[in-house]
There are 2 protein chains.
Amino acid sequence: MAPRSASKSAVPSDKVGVICRALRRAIIEQALEPGAKLPEDSLGERFGVSRTIARHALGQLAAEGLVELRRNRIAVVATPSWQEARDAFDIRIELERLVVRQLAGKLTKSQVAELNAHVDAEDRARDGSDAVSIRLATEFHILLANMTNSPILVRYVSEVAYRCCLTLSLYSRPHSSECAINEHRAIIAALVKGDEAKVMSLMHSHLDSVASRALVAPAPRRGRDLLDILAPYAEEGDGGRVVKLPKVVRAR
Amino acid sequence: MAPRSASKSAVPSDKVGVICRALRRAIIEQALEPGAKLPEDSLGERFGVSRTIARHALGQLAAEGLVELRRNRIAVVATPSWQEARDAFDIRIELERLVVRQLAGKLTKSQVAELNAHVDAEDRARDGSDAVSIRLATEFHILLANMTNSPILVRYVSEVAYRCCLTLSLYSRPHSSECAINEHRAIIAALVKGDEAKVMSLMHSHLDSVASRALVAPAPRRGRDLLDILAPYAEEGDGGRVVKLPKVVRAR
DNA sequence: ACCCGTCAAACTGCATGCAATTGAGGCGCT
DNA sequence: AGCGCCTCAATTGCATGCAGTTTGACGGGT
């Protein structure tokens, strides 16, 4: 297992990486909604670094499509159009098809165990916040991609998955996680059996059912302070733990 | 024609964008080979900007997989492994399948004209350097992607196409552009006829024929000065023109 | 009451300066 | 001669400072 390889190539030092991961999580858990402002100094202050670093992180996230950068303007969390959302889902289906093709019938015991463990975690999180279960559902797919050992595939699947996640927060009705979890279990089963066609159709209808749960009415909400919102994300743990907060200055 | 939309979201100002585009071109035209060193100050000096900007550009290119960044080390042009190369081609085929699906039978007259014009340009470039024809061949696929009007698809197709290009420079024997051009013409024809299946198989065998032209023997070459190499790339024109060079200091 | 012009605060764009790390060459030792 | 250590130039990591741009708030005019 060498799943950490995906993020290493994109990040110069690692402070940048830390900020990227934190913001990504905050975005996909909808703590930061589409349109939320991300001023460089506030971020830098929050994470205990200078604007230079915050800026660099925003650049990376913009390259991933999670953040929008306009010259001389405050960066904002991306607000994908409905059309872009559909496009992202199309691409995602194609990419996950590739994942399935490589994985069908080739999963090792420990990989199956890992997948099951993840779905169990999803199950356990059903009582918690919607945000966490959405993130876990997304990470299931990324976990699958990781098992292909293809860094490029991992990167692309992660990116579009995050994008789709962002989209759902805009256009979808509240997540009903129950069925997604069952679908995940079915996918694992079919993968183990090596029934490629079955997995394909499962995956397709799974993604489709997620995609089509959509409305066209974006739900507006606004206004908490960035410093407060990001507090739980300042350092990332693997599960959902909140660890250390670097010097919280809380100026101004 | 609105092809500029792809790069806008990823770039804060535009100096960064300029450097990115220049380096991308230098890399895919093999002026900068895999493994070539890219020190921040030399780049900054060459393009008349500070290290800060050069650094930011390198970050973006690293996110695209064209450059490798290691902590406290000089950035180098990426050297994809043979396996990564295969993976990239797999993904590319899948993505271009999407492009074809969206485009088959739906091309407008002016789009067809644009495509033909591009292939004509490829034809004209056959006498010139290999580097240029390789770039043009790659850009044909990007041009197609552009016509889907799906920014996300454009971005991904561009990225993997560039990556594949980089790969070819490592593992492929010298480009024989003749057949590629004919294949491009055939693809246009089938797209116009709306024969989706035909285009698919054409595209598949086209990409496959490119991919399988590969050897496993990387060709070593080394040593020109970065400042000299980048001279023609300092400002990008659309075709192949070399325009203005910002203050060339040529210190040290 | 509403609209528009002006101005100050906020924010980004970019360069530069300083500290920390690397790796390459030189020197001495065996 | 070969091998290892040590020192120093080259280079990155990061913060800060200054200049230009945008925002939005206030006040006067209609």
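Every chain is numbered from 1, with letters handed out A, B, ... down the list of sequences.
Listed pair R73(B) / dT11(D) fails the phosphate criterion, with no side-chain N or O lying under 4.0 Å from OP1 or OP2.
The interatomic distance linking F47(A) (CZ) with dC14(D) (P) rounds to 15 Å, in whole Å. A straight line from NZ of K37(A) to C1' of dT12(C) spans 14 Å, rounded to a whole angstrom. Here the P atom of nucleotide dT12(C) and the CG atom of N72(A) are 9 Å apart, to the nearest Å. Rounded to a whole Å, the CZ atom of R71(A) is 6 Å from the P atom of dG13(C). Following rounding to the nearest Å, K15(A) (NZ) and dT21(C) (P) show an atom-to-atom distance of 12 Å. Regarding R70(B), its CZ atom lies at a distance of 8 Å from the P atom of dG23(C), rounded to whole Å. dA15(C) atom C1' lies 15 Å from atom NE2 of H56(B), rounded to whole Å. Rounded to an integer number of Å, the gap from CG of D41(B) to C1' of dA15(C) is 13 Å.
Picking from dC14(D), dT12(C), dA15(C) the nucleotide with the shortest atom distance to the side chain of I53(A) gives dC14(D). With dT12(D), dC14(C), dG13(D) as the choices, the nucleotide that has an atom nearest any side-chain atom of R55(B) turns out to be dG13(D). Of the candidates dA15(D), dT16(C), dT12(D), dT16(C) carries the atom nearest the S50(B) side chain, counting heavy atoms from C-beta on.
Contact annotation: the side chain of I27(A) approaches that of V67(A) to within less than 4.5 Å [non-hydrogen atoms, C-beta and beyond]. Counting heavy atoms from C-beta outward, L61(A) and R24(A) have side chains that approach closer than 4.5 Å. Within the 4.5 Å cutoff, no side-chain heavy atoms of E84(B) are placed close to those of R163(B).
The backbone N or O of A63(A) lies less than 3.5 Å from a partner atom in the side chain of R155(B), making a donor-acceptor pair. Using modelled atom types, no side-chain atom of E33(B) and backbone atom of Q30(B) make a donor-acceptor pair closer than 3.5 Å.
Judged purely by distance below 3.5 Å, without hydrogens or angles, the side chains of H118(B) and E139(B) never pair a donor atom with an acceptor atom.
In this structure, the ring-ring contact (aromatic ring centres under 6.0 Å, His included) partners of Y156(A), at least two apart in sequence or on a different chain, are Y156(B).
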Name the pairs: protein N/O against N/O of nucleotides 17-19 of chain D, kept only if under 3.5 Å.
residue : atom : partner : partner atom : Å
dG17(D) : O6   : R51(A)  : NH2          : 2.8

